[in-house]
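The figures that follow rest on heavy atoms only: side chains count, while hydrogens, waters and symmetry mates do not. Remember, it's a predicted structure, so these values are computed and weren't measured experimentally.
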Amino acid sequence: MGNCSVEWEVERANSERSNASLDELMLLPWLTTLEIDVKNDSILSEGFLARKLERFNISIGNESFMPPKNVTRERFQSRPHFLIKSNRESLRELKLKLDFMDICSMKLQGINNVEYLWLDKLQGVKNVLFYLDTEGFSQLKHLHVQNNPNFLCIVDSMEMVACEAFPLLESLILHNLINMERICVDRLKVELERIAVVNCSKMKEIFAIGEEVDNAIEKIEFAQLRSLSLGNLPEVTNVCREVKTPSASLNRPSSQEDTSTLLFNKKVALPNLEALEISAINVDKIWHYNQIPAAVFPHFQSLTRLVVWYCDKLKYIFSASMIGSLKQLQHLDIRDYLSQNNGNDQLGIPAQQPLLPLEKILPNLKDLSLNGKDVKMILQADFPQHLFGSLKQLEIAEDNSACFPIWNVLERFHNLEILSLFQFSFHEEVFSEEGSLEKHVGKLAMIKTLELRWHYHLKQLCKQDSKLGPIFQYLEILKAYHCQSLLILLPSSSVSFQNLTALVAFGCKKLLHMVTSSTAKTLVRLVAIEIYGCRAMTEVVINDKDGVEKEEIVFRKLKTLELFDLDSLTSFCSPNYTFKLPSLQDLWVIGCPKMKIFTTGEAITPPRVNVWYGETADQRRWANNDLNTTIQQLPAEKVRIYILLSISHDKFLQNLLS
């Protein structure tokens, strides 16, 4: 009975019952599985949660349980396979958001067999274990705690807990616990694989160890940790910090040790760490510099992905002695680093030492993000030709020059397959230099995916009838986001886009058309067309041939056509063309108030096509070989406006929201 608004009866003494009661479920002796939502926590009876069900999904609370969302600049970008996900396989789930009930109530006793526990807005609770289950939640696999201002810790071993806490715990997610001091007072025996800590303004360190322990051991190893993400932690200066006692601090002699802030000290070892992401962390250095490679980088020998954003104090990323141990590094993303390292630092590192010894790091890189200035530096430098031989994906952000050397990029990174360009100041087109193809005699990259975002002056991909076949013949995916001056995505050209499978346009406010009719004929492998919020668009396909009475355009593999929030769209194509769409499965027409027909010509489709005018299953019609009639008959819901937020860069998303 999940997501069912049942008005359960509140039991009162000496009163007749007029509705169903939760107590009736207690009278079902063979019940083994239960899914139920209870809005009013006051109606629970004692023993309800103590019943030993084999499987259950019980939600108690007056509001929906929504996971935290981070759309701010400070939440840096993570790849999906390194995020701490909520994907879980659990048989017994319990979600609590209590408005009236005391957490110590007998009504909450007996929940110790739960596998997934979500706690939201529990008043007066200081820790999870002592208040809810003194036996340690022996079967709990996933714990999610959020919006609890009174929480000081998750496990307080001082509260007479007699057994090991959370022996089977796989994931722990904490959000908006503004007064929380620590996760566990004593040791928590959990073999961590992924850690993400974001937007904790008062946090001092990720792990704290006692001074006696620190003095007794030579290495602090987190052997199972594979992913560590730290973002917007202004007070954190060390991942693992020694907690000094006052007496020890008084007795310790002063020394001239390095006082710069260091994210990982010489004792911390993460031998299986694959991904490290840091953003807005106030440290001078990431690694302990004064170590030889044999002593330091076996501690980080498995690193494949490194992301460093907005670390203004950082003096350098690597020292030259470390580079030999970075053999596994594949993805390097460094942004908004404006280091002010004048002269020599305290360890004698010259100020002119380059940010990255590129010739030692880059041969294995597959994915790289740089700004336009850095890319030009690489193009001008005398690096060996093989240096970027493994690079498959390149993202270039923020270039203010009138003419960016895009041809040089394609020649220098000749094995590139995915190219993303963000916030450029192109005058009119991306590929603007006529004759440049002949000038570059070297091998050019065979780009398969081209993504354009936030290019305010860009009008077209290339000029009309440009001879750029070698550039576009391998292109499979073309995306344009918020290119506000773009007029057409694929102009008339002698180029064949025979490998193109997906065309996407989002928020391009002056975009009138997606493709010309002559170019459309070359799109023999096109599978999807997605157009969102391009409010000036009148037609998707525009005729570019005069005097043509009737022609045939075949999109043999097109399965999905999505048209969202296109205020000016009147039809897919107005000339008298015959469109053959033998593979079309889904047509979305939402927020297109002026679209009365699909095309003035003929549209040949499969016998049954899903025509969607909303996002739910009941907002769908089937077009039986007649798209024009089906679109004419769509109800008023087709003009509803949907705001779709699908911007990958959070700082761009923040601008969009404001």
So, T501 side chain and V527 main chain: donor-acceptor pair closer than 3.5 Å or not?
-> no

Passing option when L489 is tested against L461, I531, L452, L478 for side chain to side chain contact (heavy atoms under 4.5 Å, CB included) = L478

Using a cut-off of 6.0 Å, state whether more than 12 heavy atoms not belonging to K557 lie near its atom NZ.
-> no

Hey, what's the ring geometry for W588 with W612, parallel, tilted or perpendicular (30° and 60° as the breaks)?
-> parallel

Heavy-atom closest pair (R226 atom, R194 atom, distance to 0.1 Å) is NH2-NH2, 2.9 Å

Atom CD in Q473, atom CE in M446: separation rounded to 0.5 Å?
-> 9.0 Å

Can you tell me how far CG of L273 sits from CG of L306, rounded to the nearest 0.5 angstrom?
-> 9.5 Å

Taken to the nearest 0.5 Å, the spacing of S420 OG from L450 CG works out to 8.0 Å

State whether E398 and K373 are salt-bridged, where the test is any N-O pair (Lys NZ or Arg NE/NH1/NH2 against Asp/Glu carboxylate O) under 4.0 Å.
-> no

State, with a plain yes or no, whether a side-chain heavy atom of E411 is found less than 4.5 Å away from one of L444.
-> yes

Ignoring hydrogens and geometry, is there a side-chain-to-backbone donor-acceptor pair from S568 to T538 under 3.5 Å?
-> no

Name the orientation class of the two ring planes belonging to H482 and W454 (parallel below 30°, tilted from 30 to 60°, perpendicular beyond 60°).
-> parallel

Heavy atoms from other residues, nucleotides or ligands near NZ of K580 exceed 12 (cutoff 6.0 Å) | no

Is it the case that S485 and H457 place a side-chain donor and acceptor less than 3.5 Å from each other?
-> no

Report the C-alpha distance between Q498 and T522 in whole Å, list the side-chain angles of each, state the deciding distance to 0.1 Å, and finish with yes or no for side chain to side chain contact (heavy atoms under 4.5 Å, CB included).
-> CA-CA 5 Å; Q498 60 184 9; T522 70; 5.7 Å; no

Mind checking salt bridge (charged side-chain N to carboxylate O under 4.0 Å, His left out) for E562 and listing every partner two or more places apart, or none if nothing turns up?
-> none

Quick one: closest heavy-atom pair of L503 and M514, and the distance?
-> CB-CE, 3.9 Å

Is there a side-chain contact between H455 and C483, using heavy atoms and a 4.5 Å cut-off?
-> yes

Between NZ on residue K392 and CD1 on residue I418, distance to nearest 0.5 Å | 10.0 Å

Taking the side chain as C-beta and beyond, is there a heavy-atom pair between F404 and K376 under 4.5 Å?
-> yes

Does I173 offer a backbone N or O that forms a donor-acceptor pair with the side chain of H144 under 3.5 Å?
-> no

NZ or CZ of R453 within 45° of F422 ring axis and under 6.0 Å | no

Search all heavy atoms of V430 against all heavy atoms of I406 and return the closest pair with its distance.
-> O-CG2, 3.7 Å

Under the side chain to side chain contact (heavy atoms under 4.5 Å, CB included) criterion, do F388 and N415 qualify, and how do the steps go?
-> CA-CA 8 Å; F388 299 93; N415 288 325; over 6 Å; no

Do H331 and V307 come close enough that some side-chain heavy atom pair is under 4.5 Å?
-> yes

Taking all non-hydrogen atoms of both residues, which atom of Y474 and which atom of N499 are closest, and how far apart?
-> CA-ND2, 4.0 Å

Side chain to side chain donor-acceptor pair (under 3.5 Å) between D544 and S517, worked out = CA-CA 6 Å; D544 62 344; S517 57; 2.7 Å; yes

Are L387 and I378 side-chain neighbours, meaning at least one heavy-atom pair lies under 4.5 Å?
-> no

Please test Y577 against N543 for side chain to side chain donor-acceptor pair (under 3.5 Å), starting from the C-alpha separation and ending with a verdict.
-> CA-CA 9 Å; Y577 283 101; N543 179 34; 2.6 Å; yes

Walk me through it: do F572 and V541 pass the test side chain to side chain contact (heavy atoms under 4.5 Å, CB included)?
-> CA-CA 6 Å; F572 185 76; V541 179; 3.8 Å; yes

Can you tell if the side chain of L561 reaches within under 4.5 Å of the side chain of L581, non-hydrogen atoms only?
-> no

Distance only, no hydrogens: is a donor on one side chain within 3.5 Å (strictly under) of an acceptor on the other, for T519 and T516?
-> yes

Check: D565 and R535 side chains under 4.5 Å, non-hydrogen atoms | yes

Donor-acceptor contact present, side-chain H513 to main-chain E539, <3.5 Å = yes

Using 30° and 60° as the class limits, which term best fits the ring planes of H142 and Y116: parallel, tilted or perpendicular?
-> tilted

Nearest-0.5 Å distance that lies between atom CG in L627 and atom OG1 in T605 = 5.0 Å

Checking T599 side chain against C573 main chain: does a donor-acceptor pair fall under 3.5 Å?
-> yes

Residue pair S229 / E277, side-chain donor-acceptor N/O under 3.5 Å | yes

Just grab all the salt bridge (Lys or Arg N to Asp or Glu O under 4.0 Å) pairs involving residues 498-507, residues at least two apart or on different chains.
-> none

Which atom of L419 lies closest to which atom of L410, heavy atoms considered = CD2-CD2, 4.4 Å

When rounded to the nearest 0.5 Å, the distance separating CZ of R525 from CZ of F497 is 15.0 Å

L566 vs V540, side chain to side chain contact (heavy atoms under 4.5 Å, CB included): CA-CA, chis, key distance, verdict | CA-CA 10 Å; L566 309 179; V540 178; 5.7 Å; no

Closest non-hydrogen atoms of C508 and A480, given as atom of the first, atom of the second and distance, are SG-O, 3.7 Å

4.5 Å side-chain heavy-atom contact, I447 and L416 | yes

Contacts of K509 that satisfy salt bridge (charged side-chain N to carboxylate O under 4.0 Å, His left out) - sequence neighbours left out = none

